[in-house]
Amino acid sequence: MVENSPSPLPERAIYSTVFKYKCSFLVSTVLYCLWAFTPEEWLHSVGLTYWPQKYWALAVPIYLLVALMISLVMLFGVNMCNTAPLDSVDNITGQGESDCQTGGIPRLKDIPISEINKMFYLLPKQ
């Protein structure tokens, strides 16, 4: 990486992008709450007359929550449809299987916690 580059570091660019999104979310949330809780008469007295109905202050969050719940139910249903039954042959694994075909990627498997503890916490034998 070039040390004297005028461009920001990748970490700093990511932080600034996240900060920008956080600030815009905060500002939009504050404006939404101000619009939702301010009486219509106050808005008209300031000269702000072209606003959506207050019905949408409750309807939009409810619609979003219902859409979220429906998508979660759909995700659960799709996962259940794509899961093999318990008596399926696809669920059977044996000791005779090779861990890796020649030149291939090894299959996913669970590593027992005892092996993980040995790798991380025990000193290597010299």
A.B. asks: For the hydrophobic clusters of this structure (ILVMFWY residues joined by side-chain heavy atoms under 4.5 Å, transitively), does one cluster hold both L48 and Y55?
C.D. replies: yes
A.B. asks: Roughly how far, to the nearest 0.5 Å, is the CG atom of L75 from the CD1 atom of I70?
C.D. replies: 13.5 Å
A.B. asks: Is there a path from M80 to M74 through hydrophobic residues (I, L, V, M, F, W, Y) whose side chains come within less than 4.5 Å of each other?
C.D. replies: no
A.B. asks: Give a yes or no on whether the backbone of T38 and the side-chain of K54 come within a donor-acceptor separation of less than 3.5 Å.
C.D. replies: yes
A.B. asks: State whether the number of non-hydrogen atoms from other residues, nucleotides or ligands found under 6.0 Å of M119 atom CE is greater than 12.
C.D. replies: yes
A.B. asks: Verify the neighbour count for atom CG of L31: are there more than 12 heavy atoms of other residues, nucleotides or ligands below 6.0 Å?
C.D. replies: yes
A.B. asks: Please name the pair of heavy atoms, one in W51 and one in L43, separated by the smallest distance, quoted to 0.1 Å.
C.D. replies: CD1-CD1, 4.4 Å
A.B. asks: Could you state the interatomic distance from OG (S45) to CD (E40), rounded to the nearest 0.5 Å?
C.D. replies: 11.0 Å
A.B. asks: Any idea which heavy atoms bring A57 and Y32 closest together, and the distance?
C.D. replies: O-OH, 2.5 Å
A.B. asks: Nearest 0.5 Å, please: how far is OH in Y21 from OG in S16?
C.D. replies: 10.0 Å
A.B. asks: Find out if a path of hydrophobic residues (ILVMFWY) with successive side-chain heavy-atom gaps under 4.5 Å connects L58 to V66.
C.D. replies: no
A.B. asks: What are the two closest heavy atoms between H44 and T49, and how far apart are they?
C.D. replies: ND1-CG2, 3.2 Å
